[in-house]
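Everything on this sheet refers to the single structure shown next.
All figures in this text were calculated on a predicted structure; none of them were measured in a lab.
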Amino acid sequence: MSKQTQKTASEIYAQQNKILHMAMAKAGYPYHSNPEVWQGLMTEAEGRPVKGLSGMTLGGRDRLLKALQKKYSRKRIYNPAVPKRLRDWEKGDPEKGYTVRQEEDGQLRMIFALWAELGYEPSQLREMIRRMFKREDVRWLDGKERIVLLNVLRCKLGDKGQAEVYYPDGMSEEEAEAEFAKAFDLFHERPRAERRGQRLEG
């Protein structure tokens, strides 16, 4: 069973803030006492000169977290999903939000989070599930199908260096890779929504 709630840009900002400060402190240079140490990395992540974390967009802060993951952390840094329409938001802008599905199942939570980070709307996921698995709802996927979908979404995000690729129980690596290749091809087929002129970006 799931329920829908609204998550705001400010809430994502606050989550990012907490994680960024923690990651920087663990790297040995707490932000408040060493802001100059992080200036170059922040500018690189934002794509323009910035004075500090508060001057970065949600998308820039998301890229900064991923850079910190690669450079300084052996453990996975939790990075909250930033939907495409919120990536240009920065502190002081009018509030924005998006719909979040709260699922008890961990695989479903990750699927919805990765889908949001890709910039797609929740309503577009059903079309994708129909095309890839011939099912009407992501909740109807079995464990093997969910893992295949998760791997496709991770690959689409270019996140291979930060997340493991999982193989379903009872499948050889060759079988899993064949399932992945098939699903990845279906992911990139032109959906009916695109043929109607509603192109899925990315």
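- Residues Pro83 and Ile12 approach most closely at CD-CD1, 4.3 Å, considering heavy atoms.
- Applying the side chain to side chain contact (heavy atoms under 4.5 Å, CB included) criterion to Ala27, with sequence neighbours excluded, gives Trp38, Tyr72.
- Judged as a salt bridge (charged side-chain N to carboxylate O under 4.0 Å, His left out), not a single pair has a partner in residues 12-39 (not counting sequence neighbours).
- Residues passing the side chain to side chain contact (heavy atoms under 4.5 Å, CB included) test with Glu44 are Leu41, sequence neighbours excluded.
- Glu95 is linked by a side chain to side chain contact (heavy atoms under 4.5 Å, CB included) to Thr8, Ala9, Ser10, Trp89, counting only residues two or more places apart in sequence or in another chain.
- A single hydrophobic cluster is seen to contain both Tyr29 and Leu64, as judged by linkage of ILVMFWY side chains at heavy-atom distances under 4.5 Å, directly or through other members.
- With a 4.5 Å cut-off on side-chain heavy atoms, Val82 and Gln16 count as touching.
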Quiz prompt | Step-by-step side chain to side chain contact (heavy atoms under 4.5 Å, CB included) determination, His21 to His32 | solution = CA-CA 8 Å; His21 283 281; His32 285 306; 3.5 Å; yes
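- Panel note: side chain Asn151, backbone Val148; no donor-acceptor pair is recorded below 3.5 Å.
- When all heavy atoms of Leu141 and Arg146 are compared, the pair lying nearest together is O-NE, 3.2 Å.
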Practice problem: Determine, stepwise, if the pair Lys96 / Asp88 fulfils side chain to side chain contact (heavy atoms under 4.5 Å, CB included). | Solution: CA-CA 11 Å; Lys96 292 182 179 180; Asp88 291 334; over 6 Å; no
Self-check item: Working for side chain to side chain contact (heavy atoms under 4.5 Å, CB included), residues Val138 and Met128
Solution: CA-CA 9 Å; Val138 66; Met128 183 64 64; over 6 Å; no
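- In this view, Asp142 satisfies the side chain to side chain donor-acceptor pair (under 3.5 Å) rule with no residue, not counting sequence neighbours.
- Between Glu136 and Ile129 there is no side-chain heavy-atom pair separated by less than 4.5 Å.
- Atom CG of Leu68 is separated from atom CZ of Arg63 by 13.5 Å, given to the nearest 0.5 angstrom.
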Ignoring hydrogens and angles, write down the donor-acceptor pairs under 3.5 Å from the side chains of residues 51-60, residues two or more places apart or on other chains.
from: Thr57; atom 1: OG1; to: Glu46; atom 2: OE1; distance (Å): 3.3
from: Thr57; atom 1: OG1; to: Glu46; atom 2: OE2; distance (Å): 3.0
from: Thr57; atom 1: OG1; to: Gly60; atom 2: N; distance (Å): 3.0
from: Thr57; atom 1: OG1; to: Arg87; atom 2: O; distance (Å): 3.4

